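Step one of this worksheet: look at the structure below.
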Amino acid sequence: MTVETLHIGFVALIDAGPLIVAEELGFAEEEGLRLDLRRAPSWSMLRDMLAFGQIDAAQLLAPVPIATALGLGGAVPRIDALQVLSVNGTVIGVSRGLADALRLGGHVFDFTDAAAAGRAMIAAAGDGGLRLGVPFPFSMQAELVHYWLNALGFDAARGLIVRTVPPPRMAEAVEAGEIDAFCVGEPWGSVGVERGAAELLLPGAAIWSFAPEKVLAVRHSWAETNHELGGRLSRAVWRAGRWLAVPGNRATASELLARSSYLDLSPEVIERALQGRLLIAPGGTEAATERFIEFHDGGASFPWRSQAGWIAHRLALRHGLDPAMAAETGKAVFRPDLYRKFLKDTGAPMPGASEKIEGATDGPVGVGASQGRLILCRNRFFDGAIFDPAAEV
């Protein structure tokens, strides 16, 4: 097998783990690949690096390929998602000043109750609005925050001042008084706590318990003309995600991700995030979240078109597009057809369907699979809503 070098872009987050592990632990080498991993300082730069051919593939925010297909964010060539790299892994944090205001209003920081935390945030914001940092306008962080606050009766379009802040700069933005709160992927929320600038209010999973966060993305033209390479890359990354899902591997993974060429942070803060065992306030208050981040279990890597449909539906509502048309357009860029083709010989469980009702399962549930046994994880929205992709057509 000819060794091929693929240029892969990433942003310094724990959910870049499958790409880093694939290269560092030999999963890529087993497929005859060398992954030239290139760190980008922001999501806008990474999207453009991929779209205009400077790299072959990238870790991307799940909504970016969908927003691109809907014509949001400028004229960019179509981008496809070959698989989901990670589910969840985000936190909502607040400045120390806002944390004090929330406590004065009676809120108890328990890191679990999205409804109570949201009502407290709305009350604290008052008429002055809320300045909130997200890593990119088209991100799961932005969608979750808008969904969460709107569901509680807050007009986010009027009362939320959203500012784009690259993840590694989020703690600095809080310290500088540029934002009051943030939603960001780990470990950058924890970095804010470590620096004494922030407290953590919620995990993103408290809003949607199984939200697709990052995807393995390629240009559509590349996906259609490089099936052999795409298959090799997909298998290497999938095996790396399966390795990351083993609890006993987290210490090793933390050491790898901590290297200066990747996250350039202490292994301890990375390991806590991988374990879902986070310090939510300076001084040692700790909270644990089940499935804080998931790389493999529960069909986490499968690119469900219903997930893409939910994202597209939310984007359409916020940007004045036709929701049904947007949902169909968005679904097309999540590629379960290529996932099945590329991973058929790995033993990966393959669901019989490519869509499901999102938000409908309270606990583990088995679903029909063409190979292997697939047990889906809990999939609930905090307000009990469901998203039926068939009803949106």
Side-chain angles (χ1 to χ4, degrees), residues 9-16 40-51 58-74 76 79 81 84-93 114 130-150 156-157 160-171 173-174 178-179 181-189 192 201-208 210-217 273 292-293 303 307-319 321 326 330 333-334 358 381:
F10 74 99
V11 169
L13 291 149
I14 60 170
D15 49 39
S42 68
W43 290 112
S44 58
M45 180 175 288
L46 183 55
R47 179 200 61 182
D48 291 348
M49 287 167 63
L50 177 63
Q59 160 215 24
L60 273 191
L61 296 152
V64 169
I66 298 160
T68 297
L70 297 178
L72 300 173
V76 177
I79 296 170
V84 174
L85 284 179
S86 62
V87 165
N88 299 335
T90 63
V91 293
I92 295 169
L130 181 68
R131 300 172 303 162
L132 184 129
V134 297
F136 198 58
F138 311 117
S139 61
M140 187 56 72
Q141 289 90 338
E143 296 313 316
L144 288 178
V145 167
H146 277 90
Y147 176 80
W148 171 49
L149 296 178
N150 283 335
L160 195 61
I161 303 165
V162 178
R163 295 184 174 167
T164 299
V165 182
R169 276 209 65 248
M170 204 65 79
V174 177
E178 298 169 9
I179 54 176
F182 57 80
C183 185
V184 72
E186 275 292 282
W188 299 109
L201 185 66
L202 287 173
I207 299 171
W208 183 5
F210 214 69
E213 176 56 31
K214 303 298 190 308
V215 295
L216 176 62
F292 173 76
I293 188 167
Q307 294 174 339
W310 184 88
I311 295 168
H313 181 81
R314 299 303 307 175
L315 285 168
L317 293 178
R318 290 208 293 116
H319 294 277
L321 305 177
V333 302
F334 270 38
E358 301 295 340
F381 296 102

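Please read these numbers as outputs of a predicted model, since none were measured by experiment.
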Flag, side chain of [X] to backbone of [Y], donor-acceptor distance under 3.5 Å:
{"X": "Trp43", "Y": "Pro135", "answer": "no"}
{"X": "Glu186", "Y": "Gly189", "answer": "yes"}
{"X": "Gln59", "Y": "Val11", "answer": "yes"}
{"X": "Trp188", "Y": "Ala12", "answer": "yes"}

To the nearest 0.5 angstrom, please state how far the [atom1] atom of [X] sits from the [atom2] atom of [Y].
{"X": "Leu60", "Y": "Arg47", "atom1": "CG", "atom2": "CZ", "answer": "9.5 Å"}
{"X": "Thr164", "Y": "Arg169", "atom1": "OG1", "atom2": "CZ", "answer": "11.5 Å"}
{"X": "Leu130", "Y": "Ile179", "atom1": "CG", "atom2": "CD1", "answer": "10.0 Å"}
{"X": "Lys214", "Y": "Leu13", "atom1": "NZ", "atom2": "CG", "answer": "5.0 Å"}
{"X": "Glu178", "Y": "Met170", "atom1": "CD", "atom2": "CE", "answer": "10.5 Å"}
{"X": "Leu315", "Y": "Leu70", "atom1": "CG", "atom2": "CG", "answer": "6.5 Å"}

For the residue pair [X] and [Y], establish whether any side-chain heavy-atom pair is separated by less than 4.5 Å.
{"X": "Ile293", "Y": "Asp15", "answer": "yes"}
{"X": "Phe136", "Y": "Val64", "answer": "yes"}
{"X": "Ile92", "Y": "Leu144", "answer": "no"}
{"X": "Thr68", "Y": "Val76", "answer": "yes"}
{"X": "Val184", "Y": "Val91", "answer": "yes"}

According to salt bridge (charged side-chain N to carboxylate O under 4.0 Å, His left out), who are the partners of Glu213, at least two apart in sequence or on a separate chain?
none
Heavy-atom closest pair, residues [X] and [Y]:
{"X": "Pro41", "Y": "Pro166", "value": "O-CB, 3.5 Å"}
{"X": "Val215", "Y": "Leu61", "value": "CG2-O, 4.4 Å"}
{"X": "Val333", "Y": "Ala69", "value": "CG1-CB, 3.8 Å"}
{"X": "Pro212", "Y": "Ile311", "value": "CG-CD1, 4.4 Å"}
{"X": "Pro137", "Y": "Glu143", "value": "O-OE2, 4.4 Å"}
{"X": "Pro303", "Y": "Ala81", "value": "CB-O, 4.3 Å"}

With side chain to side chain contact (heavy atoms under 4.5 Å, CB included) as the criterion, how do Phe138 and Leu72 come out once you've worked through the C-alpha distance, each side chain's angles and the decisive distance to 0.1 Å?
CA-CA 9 Å; Phe138 311 117; Leu72 300 173; 3.7 Å; yes
Could you go through the side chain to side chain contact (heavy atoms under 4.5 Å, CB included) check for Gln307 and Val84 one step at a time?
CA-CA 10 Å; Gln307 294 174 339; Val84 174; 4.1 Å; yes
Those residues that, when tested against Trp208, pass ring-ring contact (aromatic ring centres under 6.0 Å, His included) (two or more places apart)
Trp310, Phe381
Side chain to side chain donor-acceptor pair (under 3.5 Å) against Asn88, all qualifying residues, sequence neighbours excluded
none
